[in-house]
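Inspection log for the structure reproduced underneath, given as structure tokens.
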2 protein chains.
Amino acid sequence: MNDHGLSATAKVILGLLGSRPRSGYEIKAAVDRSTRYFWAASYGQIYPELRRLAEAGLIEGTDAPTGGRRRTVYELTNAGRHALGEWHREPPERFDYRDEAMLKLFFATAVEPAGAAGIARQRAEMAAETAEELRAVEAESPGSDQPGYAVLRFGIDFNEFVADWFERQALAFEEGVPLRKLPRPEAAEIEGER
Amino acid sequence: MNDHGLSATAKVILGLLGSRPRSGYEIKAAVDRSTRYFWAASYGQIYPELRRLAEAGLIEGTDAPTGGRRRTVYELTNAGRHALGEWHREPPERFDYRDEAMLKLFFATAVEPAGAAGIARQRAEMAAETAEELRAVEAESPGSDQPGYAVLRFGIDFNEFVADWFERQALAFEEGVPLRKLPRPEAAEIEGER
DNA sequence: TTCGCCATGTAATGTGTTACATGATTGT
DNA sequence: ACAATCATGTAACACATTACATGGCGAA
């Protein structure tokens with residue numbers, strides 16, 4: 001819970017229920033199909049959160065079994081729709097970025113300078129693959145110029161940027177640029193020492 | 001803990017101790033000054049992890065009080081240096097990206113289409129500010145063409161890319177592009193429905 | 001009848017931040 | 001005397017994944 005009282009998972013649930021009612025299973029499927037790249041959620045978060053949101057009166061569940069298979073479909077209440085609107089109007093605050101390749105690169109001078117190019121190259125390949133995946137998704141999705149589609153475009157553009165950046169870095173490392181002058185290893189720390 | 005037995009925080013601790021011995025406090029300061037943008041760590045992670053790493057024999061602590069102020073400085077053992085090298089040679093695997101502005105944009109069609117441009121614009125400004133911050137850091141740090149420095153360059157280039165991308169998106173939204181055709185809201189989902 | 005999917009859920013574990021408590025040193 | 005910084009640490013809470021358990025349905 002934070003300021004506005006919505007957990008990370010509550011935000012994506014409310015947002016998805018904003019377009020139509022869904023079961024927990026469908027929410028998870030929708031997340032995996034769409035927001036996963038920038039806002040993930042697992043069953044361990046979704047089901048308990050659905051219960052909490054229902055208790056808080058922001059969503060309402062209805063039994064909708066398919067045959068003998070039990071199933072609960074949730075939809076926004078008025079309060080829920082209001083909370084979603086409130087959240088949407090607030091300035092966005094959360095932004096996390098965590099990248100292990102970057103950490104390895106950062107320590108490369110002290111650990112294994114010769115490995116830097118390889119690390120950069122691998123990261124470039126990873127990003128290129130993700131971009132490829134997303135381009136495939138784009139190809140099979142109906143063209144659209146809406147914000148939801150823009151988000152997919154960002155995924156593609158961003159991964160292409162990353163692939164390009166790391167590829168150029170790898171080349172620079174290979175050409176010996178990084179190994180010419182080697183001051184104290186800790187000079188690599190962003191503000192230097194003191 | 002994961003495959004190689006190193007937690008996220010262990011990796012940054014070992015990496016920092018790779019260049020020289022430090023106290024927990026100094027490790028936290030170094031993280032905040034450098035890796036924070038792509039690999040954060042808090043006291044609540046650092047101190048318990050130092051204890052675990054010492055028990056595991058990867059680092060060794062020495063009392064080094066300054067006056068009456070108690071202080072423990074840690075350094076890598078041979079086993080620790082070996083573990084750091086092992087980790088460094090493995091292919092990088094972790095990469096997380098979480099962006100609340102993106103989530104809002106994704107839901108904009110269903111919640112408040114008119115807000116999309118504002119969300120994009122704010123995100124652009126945020127990225128521009130971060131880029132500015134990093135450029136200031138770059139200006140006051142000794143020029144270097146090492147991997148550690150490349151990481152700082154990435155921060156700048158990446159944030160400039162993001163600022164530019166969202167600014168162009170905001171412009172596109174303002175020019176009415178996104179509101180021309182409005183199919184079912186859920187058409188915005190990345191693979192469409194089913 | 002077996003496999004894959006639909007569907008719900010929990011337990012265990014891991015990851016991570018915030019806020020607080022304690023206390024010394026240095027500079028104003 | 002006070003504030004800032006050095007220094008260590010924990011408790012409470014929040015967030016998140018993985019793996020498992022349960023069971024029905026539909027198709028091969």
Side-chain angles (χ1 to χ4, degrees), chain A residues 1-13 21-33 35-36 38-54 59 61-74 93-98 100 103 193-194, chain B residues 1-13 21-33 35-36 38-54 59 61-74 93-98 100 103 193-194:
Chain A
M1 290 287 193
N2 52 31
D3 300 357
H4 34 264
L6 293 182
S7 71
T9 306
K11 288 166 190 172
V12 73
I13 290 176
R22 299 169 200 250
S23 68
Y25 187 85
E26 287 170 322
I27 287 169
K28 168 66 169 152
V31 164
D32 285 347
R33 200 191 310 131
T35 69
R36 162 172 55 118
F38 55 91
W39 206 271
S42 60
Y43 286 128
Q45 295 280 109
I46 292 169
Y47 283 111
E49 188 63 42
L50 282 170
R51 192 176 287 266
R52 280 191 291 271
L53 288 171
I59 64 176
T62 313
D63 281 354
T66 40
R69 191 198 277 155
R70 96 181 141 124
R71 184 161 166 273
T72 309
V73 169
Y74 294 89
E93 72 284 337
R94 186 162 171 188
F95 172 65
D96 290 351
Y97 182 80
R98 199 146 185 145
E100 191 161 0
L103 191 68
E193 296 301 301
R194 200 68 350 119
Chain B
M1 289 287 191
N2 52 29
D3 299 356
H4 34 265
L6 293 183
S7 72
T9 305
K11 288 166 190 173
V12 72
I13 290 176
R22 300 167 200 250
S23 67
Y25 186 85
E26 287 170 322
I27 287 168
K28 167 68 169 150
V31 165
D32 286 348
R33 201 191 311 130
T35 69
R36 160 172 58 118
F38 55 91
W39 206 272
S42 60
Y43 286 128
Q45 295 280 110
I46 292 168
Y47 283 111
E49 189 64 41
L50 283 170
R51 191 175 289 266
R52 280 191 290 269
L53 288 171
I59 63 176
T62 313
D63 282 354
T66 40
R69 191 199 276 156
R70 96 181 143 124
R71 186 161 166 272
T72 309
V73 168
Y74 294 89
E93 72 284 334
R94 186 162 171 188
F95 171 64
D96 291 352
Y97 181 80
R98 199 148 187 144
E100 191 160 0
L103 192 68
E193 294 301 303
R194 199 73 348 122

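As a basis for the values below, the full set of heavy atoms in this structure was taken, side chains included, without hydrogen atoms, waters or symmetry mates. Order of the sequence lines fixes the chain letters, A, B, ..., with proteins taken first and strands second; residue numbering starts at 1 for each chain. For clarity, every value in this text was computed on a predicted model and none was experimentally measured.
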Rounded to whole Å, NZ of A:Lys11 lies from C1' of D:dA14 at a distance of 12 Å
Over how many whole Å does the gap from B:Ile46 atom CD1 to C:dG16 atom P extend? 12 Å
So, is B:Arg98 close to the D:dA16 phosphate, meaning a side-chain N or O under 4.0 Å from OP1 or OP2? yes
Among C:dC5, D:dC6, C:dG16, which is the nearest nucleotide to the side chain of B:Tyr25? D:dC6
Could you measure the distance from the CD1 atom of A:Ile13 to the CG atom of A:Leu6? Nearest 0.5 Å is fine. 10.5 Å
Check whether any side-chain heavy atom of A:Val73 lies under 4.5 Å from a side-chain heavy atom of A:Arg71, and answer yes or no. yes
Picking from D:dT17, D:dG9, C:dG9, the nucleotide nearest the side-chain atoms of B:Arg70 would be D:dG9
Whole-Å gap separating C1' (D:dT8) and CZ (B:Arg52): 16 Å
In whole Å, what is the span from the CD atom of A:Glu49 to the P atom of C:dT8? 16 Å
Tell me whether the OP1 or OP2 atom of D:dC6 has a side-chain N or O from B:Arg69 closer than 4.0 Å. no
B:Arg71 has a side chain; which of D:dT8, C:dG16, C:dG9 sits nearest to it? D:dT8
Among C:dG16, C:dT17, C:dG9, which nucleotide sits nearest the side chain of A:Tyr74? C:dG9
Starting at atom CG of A:Asp63, determine the distance to atom P of D:dG24, rounded to an integer number of angstrom. 17 Å
Does C:dT8 have its OP1 or OP2 closer than 4.0 Å to a side-chain nitrogen or oxygen of A:Tyr47? yes
Does the plane of the ring in A:Phe95 sit parallel, tilted or perpendicular to the ring in B:Tyr97? Use 30° and 60° as the thresholds. perpendicular
Salt-bridge contact A:Asp96-A:Arg98 (side-chain N to carboxylate O under 4.0 Å): no
Could you report the tightest heavy-atom contact between A:Ala30 and A:Arg22, atom names first, then the distance? CB-NH1, 3.6 Å
Among D:dG9, C:dT17, D:dA16, the one nearest B:Gln45 by side-chain distance: C:dT17
For B:Tyr43 and C:dG16, give me the distance from atom OH to atom P, rounded to whole Å. 18 Å
When rounded to whole Å, the CG to P distance for the pair B:Asp96 and C:dG14 reads 18 Å
Nearest to the side chain of A:Thr72, which nucleotide is it out of D:dA16, C:dG16, C:dT8? C:dT8
Starting at CD of B:Glu93 and ending at P of C:dT15, how long is that distance when rounded to a whole Å? 11 Å
Sugar-phosphate, base or nothing in reach of B:Gly44, heavy atoms under 4.0 Å: base
Assign each of A:Gly67 and A:Ala41 to its nearest nucleotide of DNA chain D by heavy atoms, then name whichever residue's nucleotide is nearer the 5' end. A:Ala41
Between A:Trp39 and A:Val31 (side chain of the first, backbone of the second, donor and acceptor by atom type, cut-off under 3.5 Å), is there such a pair? no
Which nucleotide in C:dA7, D:dA7, C:dG16 has an atom nearest any side-chain atom of B:Thr66: D:dA7
With sugar-phosphate meaning primed atoms plus P, OP1 and OP2, does A:Ser23 contact a base, only sugar-phosphate, or nothing at under 4.0 Å between heavy atoms? sugar-phosphate
